[in-house]
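One structure is given below, encoded as structure tokens.
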Amino acid sequence: MSGVEAGRSRGDRVMAAGKLMLVWVALLWVLEVVDVASGHALDGFGVTPREPSELIDVVPSAFIHFGFAHLLANTLPLLVLGFLAALSGLRRFLLVCALIILVDGLGVWLISPPDTNTAGASGLIFGLFGFLLVTGFLERRPLGILTGIVIAAIWGGSILTGLAPTQSGVSWQGHLLGLLAGVAAAFAFRRRPTAPPELIR
């Protein structure tokens, strides 16, 4: 592959990742507008634990928020972390997101306190953080390692705060499960390091 082709390929990945995350975040805002306009009718798509009928809400709950302040807090980290994760390929990114959302939603259904309703993209955000934090090390990619270090420096404090079980109205269970699911996704979908070419004298 020529340098021009490689540059175009990288540019295509950047454009595809950016477009996907802009559409994803725009969808969340549209859904919240609909939720507010309908008197918060979409809030029922959150997960209430250990009720069999709530299992169908495991996936939709990741796209629903309880107010614009809730959504605003999730918008920037989802946009940035999602974009960085999507740079490695949209197919892998969507598989990673699917695994995180399913594991996180099912875990919330299993272990969250009774009589609670959990929704929001924060479980996915914690998952993407975990995925980006370890995937560079697993795949031995210097740029991936640097990315993990940078996001740890920027969001590490917020992640630790979000895992504290002392915050009222915050699902530390969903955050922890999302983080663990993201680390698991890094292992499940890791790419093996490419062997260096054989040197022949």
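Just so you know, these numbers come straight off a predicted model, no measurement behind them.
In this structure, CD1 on I111 lies 4.5 Å from CG on L177, to the nearest 0.5 angstrom. Rounded to the nearest 0.5 Å, atoms CZ (R190) and CZ (R141) are 13.5 Å apart. Rounded to the nearest 0.5 angstrom, R10 CZ and L87 CG are separated by 12.0 Å. Taken to the nearest 0.5 Å, the CG atom of D104 stands 10.0 Å off from the CZ atom of F126. With rounding to the nearest 0.5 Å, the separation of CG in L55 from CH2 in W109 is 4.5 Å. L143 contributes atom CG, which lies 4.5 Å from atom OG1 of T147 (distance to the nearest 0.5 angstrom).
Residue F45 places its CZ atom among 12 or fewer non-hydrogen atoms of other residues, nucleotides or ligands, all under 6.0 Å distant. Within 6.0 Å of the CZ atom in F187, the count of heavy atoms belonging to other residues, nucleotides or ligands does not exceed 12.
At distances below 3.5 Å, at least one donor-acceptor pair connects side-chain atoms of N117 with backbone N or O atoms of D43. Using modelled atom types, no side-chain atom of H175 and backbone atom of S122 make a donor-acceptor pair closer than 3.5 Å. With hydrogens and angles ignored, the 3.5 Å screen pairs no side-chain donor or acceptor of R13 with any backbone N or O of L90. Checked by atom type and distance alone, the side chain of Q167 never pairs as donor or acceptor with a backbone atom of W172 at under 3.5 Å. With hydrogens and angles disregarded, no donor-acceptor distance shorter than 3.5 Å links the side chain of Q173 to the backbone of S112.
Residues V34 and F66 are members of separate hydrophobic clusters, defined by side-chain heavy-atom contacts under 4.5 angstrom among Ile, Leu, Val, Met, Phe, Trp and Tyr.
For the pair C97 and L128, the tightest heavy-atom approach, listed with the atom from each and the gap, is SG-CD2, 4.3 Å. Nearest approach of L133 to A152, heavy atoms of both residues: CD1-CB, 3.7 Å. The heavy-atom pair separating V108 from G174 by the smallest distance is CG2-CA, 3.6 Å. Closest of all the heavy-atom pairs between V96 and A185 is CG1-CB, 3.9 Å. Summarising the geometry of F189 relative to E139, their closest heavy-atom pair is O-OE2, 4.2 Å, with the distance given to 0.1 Å.
Side-chain contact between S88 and R191 is present, with heavy atoms from C-beta onward closer than 4.5 Å. Counting heavy atoms from C-beta on, the side chains of L28 and T75 never come closer than 4.5 Å. Within the 4.5 Å cutoff, the side chain of I125 has no heavy atoms near those of the W155 side chain. Counting heavy atoms from C-beta outward, T135 and R92 have side chains that approach closer than 4.5 Å. In this structure, the side chains of H40 and V36 come closer than 4.5 Å at one or more pairs of heavy atoms.
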Would you please test L22 and L79 for side chain to side chain contact (heavy atoms under 4.5 Å, CB included) and show each step? CA-CA 7 Å; L22 287 173; L79 195 60; 4.2 Å; yes
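Each of L124, V183, I151 was compared with F129 under the side-chain contact (heavy atoms from CB on, under 4.5 Å) criterion, and only I151 meets it.
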